[in-house]
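A quick write-up on the structure given underneath.
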Amino acid sequence: FPVVTEKEKEDKQFAKKYLEKFYDFKEEKNSLFKSKNLNHMDDKIREMQSFFGLEVTGELDRKTLDMMKKPRCGIPDIRSYS
Amino acid sequence: TFPQSPRWKKEDVTYRILNYTPDMLQADVEEAIAKAFQLWSSVTPLTFTRLYNGQADIMISFAAGFHGDFYSFDGPGGTLAHAYPPSTGIGGDAHFDEDENWTKFTTYNGFNLFLVAAHELGHSLGLGHSNVFNALMYPIYMARDTRDFRLSQDDIDGIQALYGPPRESSGLPTKSSPPQEPTEMTPAEAPTEMSPREEPTETTPTKTPIRPQDCDPHLSFDAITTLRGETLFFKGSYVWRKSPYFSDIEHDTISSFWPSLTAGFDAAYEVDKKDRVLFFKDDQYWAVSGYSIESGFPKPIQNLGFPTSVRKIDAAVHDQNTKKTYFFVGNKYWSFNENTQSMERGYPRKIASDFQGIGHTVDAALQKNGLFYFFHGSNQYEVDIKNRKLIRTMKSNSWFNC
């Protein structure tokens, strides 16, 4: 696999925070199955992509990242706001 | 709406401005907030009365970073503000990130307080986010003209689902409002609203041309520029975005990057040292830095030194080595010194005399890796201007891995 560049790590971290804040993504800290987390995050990326009418890929593509970086309101986009 | 659709169980809601941002005059903050409330009172039976002390339903404040709730702000950019749905205590309160630059103008050098306040007050009244692009309750900030700003139908449907339409009245204001701070617009002033039962008249969508295929052999461009290492190709309202890191071409629209710029650029170029891109359309130009459009634009192209006889520019390209920008108009070109910000003497000159093999008008121009690319229709000419040599001719869309 290609080495995950520093930038990609940063982008992933940024996306994780964004999804936690606005899409109720919860990283299962003690999850044995790392892949479980990843799938969960992919689902959340899809949810965000479909909200903004982006191509729903579940991947952190550039358009998705661009949208995440735009100035916005601090309220979550999905209704499970607690 | 929020879970369980919380709403105010009364029609006269109170608000209080707890503090002010130093970015604006206090009167301008008060006006922006009053105007934001008016938007919502004009389409519901709600009235909003300002309190100057004590506990109001909606407490409005500016704060930075951690400010006493579980949702700290994040410095400039990112999150601009947030608000709580209707309930007691913090319910209804609206907080604005003081690390932002707040303004009353429709500028790109800061965030318009009226627009953000109107959005947040939608939350204070019980609305969630909308995924309708132009809706006020869309989560992403979009700079737009606020002079006769209107709620979208989605916003109106949402708020009227919670509170119903405005009450019909006999023309007299139902509540006397203190002269200096009208809390309610008299019905005569209220914008005529389509009542929810009326079917929206079908407006025939203006026919926007569909995007040409990437590898269409006849593809030509209006303008081309570099932008922070990437290359942007413009045609009508469409953008093709080519990155040095990704092989695939991204397809965007001008409005997705710069919502308030009108499509159909004539020319564009980047001065990378200043992280600035200039767009030209007819006899005006705009300067942007990333997403934000610099304040004070558009400006007339005559500011750059063009005679009034020049009504529009065909193409422009900045030479990163000589710091000169070449503007192409018809069969002539000008040279502009970016350091002195002035046109060079001895121009305009004939394009053909200095650019080998370019004997016609130029649609778009680009400098990449020291070489120049001049686009005319569906063809492109690679020129080494140092050695005054036309290297090759290619299709305009050769950059799209066709």
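Keep in mind it's a predicted model, so treat the numbers as computed, not measured. Just so it is clear: chains get the letters A, B, ... in the order the sequence lines come, proteins before strands, and each one is counted from 1.
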### Task
Output yes when B:Arg241 and A:Asp66 qualify as a salt bridge under the 4.0 Å nitrogen-oxygen rule, no when they do not.
yes
### Message
Checking side-chain polar atoms at under 3.5 Å, does B:Ser256 have a donor or acceptor matched by the opposite partner on A:Lys63?
### Response
no
### Task
Could you tell me the separation between the CD1 atom of A:Ile78 and the NE2 atom of B:His129, rounded to the nearest 0.5 Å?
12.0 Å
### Task
Evaluate the side-chain proximity of A:Ile75 to B:Tyr71: yes if any heavy-atom separation is below 4.5 Å, no if none is.
no
### chain A contact via B:Phe133 - which portion, at a heavy-atom distance below 4.5 Å
neither
### Task
For the residue pair B:Tyr138 and A:Phe51, categorise the inter-ring angle as parallel (less than 30°), tilted (30 to 60°) or perpendicular (more than 60°).
parallel
### Which portion of A:Met67 sits near chain B, non-hydrogen atoms under 4.5 angstrom
both
### Task
Could you tell me which of B:Tyr141, B:Phe70, B:Phe73 has the largest number of non-hydrogen atom pairs under 4.5 Å with chain A?
B:Tyr141
### Message
Report which part of B:Glu120 has an atom under 4.5 Å of a heavy atom belonging to chain A: side chain, backbone, both, or neither.
### Response
side chain
### Query
With side chains defined as the heavy atoms from C-beta onward, is the minimum distance between A:Glu55 and B:His251 less than 4.5 Å?
no
### Task
For residues A:Phe52 and B:Ile140, determine if any side-chain heavy atom of one lies less than 4.5 Å from a side-chain heavy atom of the other.
yes
### Query
Where on B:Asp74 is there a heavy atom nearer than 4.5 Å to chain A: the side chain, the backbone, both, or neither?
side chain
### Query
Quick one: what part of B:Thr1 sits under 4.5 Å from any heavy atom of chain A, side chain, backbone, both or neither?
both
### Task
Take B:His123 and A:Cys73 through the test side-chain contact (heavy atoms from CB on, under 4.5 Å) and record every step on the way to the result.
CA-CA 10 Å; B:His123 291 315; A:Cys73 169; 3.4 Å; yes
